[in-house]
Amino acid sequence: MTNRRSFLKNAVGTIALASPAAASFGASQTNAQANEDLFKLGIAGYSFVHFKLDQALEMMKKVDVHYLCIKDFHLPFNSTAEQITTFHETLKKSGVTGYAVGPIYMKTTQEIDNGFDYARRVGVKLIVGVPNEDLLPYIDKKVKEYDMRYAIHIHGPDIKLWPNASSVIDAVKNLDPRIGLCFDMGHDMRFGDDPIADLEKYNKRIFDIHLKNVTAASKDGKTCELGRGVIDVPAFVAMLRKVKYDGCCSLEYEKDMKDPLAGIAESVGYFKGVCEASKKGKRKV
């Protein structure tokens with residue numbers, strides 16, 4: 001006697017045998033899904049420091065990027081619940097998600113309290129911060145209280161506080177694992193380190209990445225278009241995949257900041273092109 005289950009099983013088998021194209025299509029769908037990158041492309045809000053929110057979102061629309069790290073000049077720290085709701089509605093209309101806040105400088109316990117409260121009210125679970133090192137025990141307490149991740153942003157050789165990846169990891173390695181690193185690959189290179197090696201070494205504590213290329217592996221290095229600097233971006237992308245990084249890679253474009261669209265567009269296009277061309281199964285020319 002044929003029941004519903006056996007009927008469906010036989011029907012599916014018959015279709016598969018009768019239609020190799022259908023089977024091939026199913027396999028290609030599975031392969032495509034397996035080939036999708038875990039990381040997402042975003043833009044760091046500081047890239048738009050000279051622009052109002054609607055102007056920033058228009059640029060994001062033009063380059064087809066959908067994740068934004070929120071800066072306080074677009075959503076002030078003292079925003080009301082109504083203003084925060086309106087902000088998110090504005091982002092949603094542009095197809096953008098605000099995934100984190102910061103960087104936020106924190107020099108006192110009160111500023112830390114304010115920052116965590118701000119993140120809670122905004123509705124994100126990641127803070128990109130620049131805290132004084134002696135305040136790390138207090139941040140350790142706060143990440144437990146709020147169940148948030150806290151990513152310390154590095155700034156290269158320009159300031160002594162958090163110049164490179166190892167300076168952060170050495171300070172937080174014995175603290176709550178929700179305290180980690182916002183890995184600015186450009187500043188890491190400007191300090192004279194290897195951002196690809198550091199991505200591999202510290203990936204478990206990297207919660208956010210600022211995509212940035214620079215003109216030199218020294219303090220004199222300046223931000224440039226992503227494909228024109230000294231960092232090997234294809235090798236960096238390969239390492240993102242190797243360590244299975246699943247956070248945001250947010251372009252922080254600090255060149256031509258009053259007229260950044262051309263450089264942002266070139267950098268976004270380059271990064272997307274590298275990611276697409278280097279996926280498994282792509283034909284090599």
Side-chain angles (χ1 to χ4, degrees), residues 37 39-49 59 63 65 69 103 128 130 151-170 180-203 205-245 247-279 282 284-285:
D37 285 317
F39 54 86
K40 300 176 287 291
L41 176 60
I43 295 184
Y46 185 68
S47 302
F48 303 123
V49 65
M59 282 188 271
V63 299
V65 174
C69 188
V128 178
V130 186
I152 299 174
H153 185 276
I154 61 174
H155 281 92
D158 300 310
I159 59 176
K160 292 182 178 180
L161 183 64
W162 315 124
N164 63 344
S166 63
S167 67
V168 173
I169 299 302
D170 288 346
L181 174 64
C182 174
F183 185 51
D184 188 310
M185 58 193 279
H187 285 320
D188 201 57
M189 174 65 88
R190 290 179 63 245
F191 193 75
D193 290 347
D194 181 346
I196 298 164
D198 283 349
L199 173 60
E200 181 175 31
K201 186 175 182 179
Y202 302 126
N203 71 88
R205 298 294 276 264
I206 294 176
F207 304 150
D208 193 32
I209 291 175
H210 280 180
L211 284 179
K212 184 183 297 173
N213 215 332
V214 291
T215 56
S218 68
K219 187 175 182 177
D220 293 332
K222 306 296 182 185
T223 299
C224 61
E225 292 80 1
L226 200 60
R228 301 194 195 189
V230 295
I231 299 174
D232 185 344
V233 175
F236 192 85
V237 169
M239 187 57 68
L240 288 171
R241 292 170 175 154
K242 179 179 178 180
V243 302
K244 295 181 170 58
Y245 175 71
C248 268
C249 296
S250 286
L251 178 70
E252 188 174 48
Y253 191 70
E254 296 178 300
K255 178 185 177 184
D256 303 325
M257 296 194 75
K258 291 187 178 181
D259 187 21
L261 181 57
I264 289 174
E266 179 181 326
S267 297
V268 167
Y270 175 75
F271 186 75
K272 288 182 176 182
V274 168
C275 291
E276 186 62 25
S278 58
K279 283 181 178 178
K282 292 290 180 181
K284 306 297 184 183
V285 178

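All heavy atoms count here, side chains included; hydrogens, waters and symmetry mates do not. For this chain, numbers begin at 1 and follow the sequence in order.
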For residues P234 and D232, report the shortest heavy-atom separation together with the two atoms involved. CD-OD1, 3.2 Å
Show me the donor-acceptor pairs, under 3.5 Å and distance only, between side chains in residues 254-263 and residues at least two apart or in other chains.
{"unit_1": "E254", "atom_1": "OE1", "unit_2": "K212", "atom_2": "NZ", "d": "2.7"}
{"unit_1": "K255", "atom_1": "NZ", "unit_2": "E225", "atom_2": "OE1", "d": "3.1"}
{"unit_1": "K255", "atom_1": "NZ", "unit_2": "E225", "atom_2": "OE2", "d": "3.1"}

Nearest heavy atoms of S250 and A44, plus distance in Å: CB-N, 3.6 Å
Return the OG1 to CG distance between T215 and D220, rounded to the nearest 0.5 Å. 8.0 Å
Side chain proximity check, V268 to Y253, heavy atoms < 4.5 angstrom: no
Please set out all donor-acceptor pairs under 3.5 angstrom arising from side-chain atoms of residues 191-201, sequence neighbours excluded.
{"unit_1": "D193", "atom_1": "OD2", "unit_2": "N164", "atom_2": "ND2", "d": "2.7"}
{"unit_1": "D194", "atom_1": "OD1", "unit_2": "I196", "atom_2": "N", "d": "3.0"}
{"unit_1": "D194", "atom_1": "OD1", "unit_2": "A197", "atom_2": "N", "d": "3.3"}
{"unit_1": "E200", "atom_1": "OE2", "unit_2": "K242", "atom_2": "NZ", "d": "2.8"}

Any idea which heavy atoms bring L181 and A165 closest together, and the distance? CD2-CB, 3.8 Å
Closest non-hydrogen contact found for A265 with V63 is CA-CG1, 3.6 Å
Do V243 and I206 touch side chain to side chain, with heavy atoms closer than 4.5 Å? no
Any salt bridge (charged side-chain N to carboxylate O under 4.0 Å, His left out) involving residues 151-162? Give me the pairs, sequence neighbours left out, ordered by first then second residue. D158-R190
Between SG on residue C275 and OH on residue Y270, distance to nearest 0.5 Å: 10.0 Å
Sequence neighbours excluded, which residues qualify as ring pair (Phe, Tyr, Trp, His ring centres under 6.0 Å) partners of H210? H153
Quick check: do M185 and L211 have side-chain heavy atoms less than 4.5 Å from each other? yes
Holding to side chain to side chain donor-acceptor pair (under 3.5 Å), I want the full list of residues that pass it with R241, two or more places apart in sequence or in another chain. D37, S278
Which atoms form the tightest heavy-atom contact between G180 and V168, and what is the distance? O-CG1, 3.6 Å
Value rounded to 0.5 Å, distance of OH in Y202 from CD1 in I169: 7.0 Å
Report yes if the side chains of F48 and I43 come closer than 4.5 Å at any heavy-atom pair, otherwise no. yes
Quick one: does N213's side chain have a donor or acceptor within less than 3.5 Å of a partner on V230's backbone? yes
Within the 4.5 Å heavy-atom criterion, are C69 and Y46 side-chain neighbours or not? no
Taking side chain to side chain donor-acceptor pair (under 3.5 Å) as the test, write out the residues that go with S47, two or more places apart. none
Rounded at 0.5 Å granularity, tell me how far CG in D188 sits from CD1 in I154. 4.5 Å
Smallest heavy-atom separation, A151 atom then C182 atom, equals CB-N, 3.6 Å
To the closest 0.5 Å, what do you measure between SG (C249) and CZ (F183)? 10.5 Å
Taking the side chain as everything from C-beta on, heavy atoms only, tell me whether L41 gets closer than 4.5 Å to F271. yes
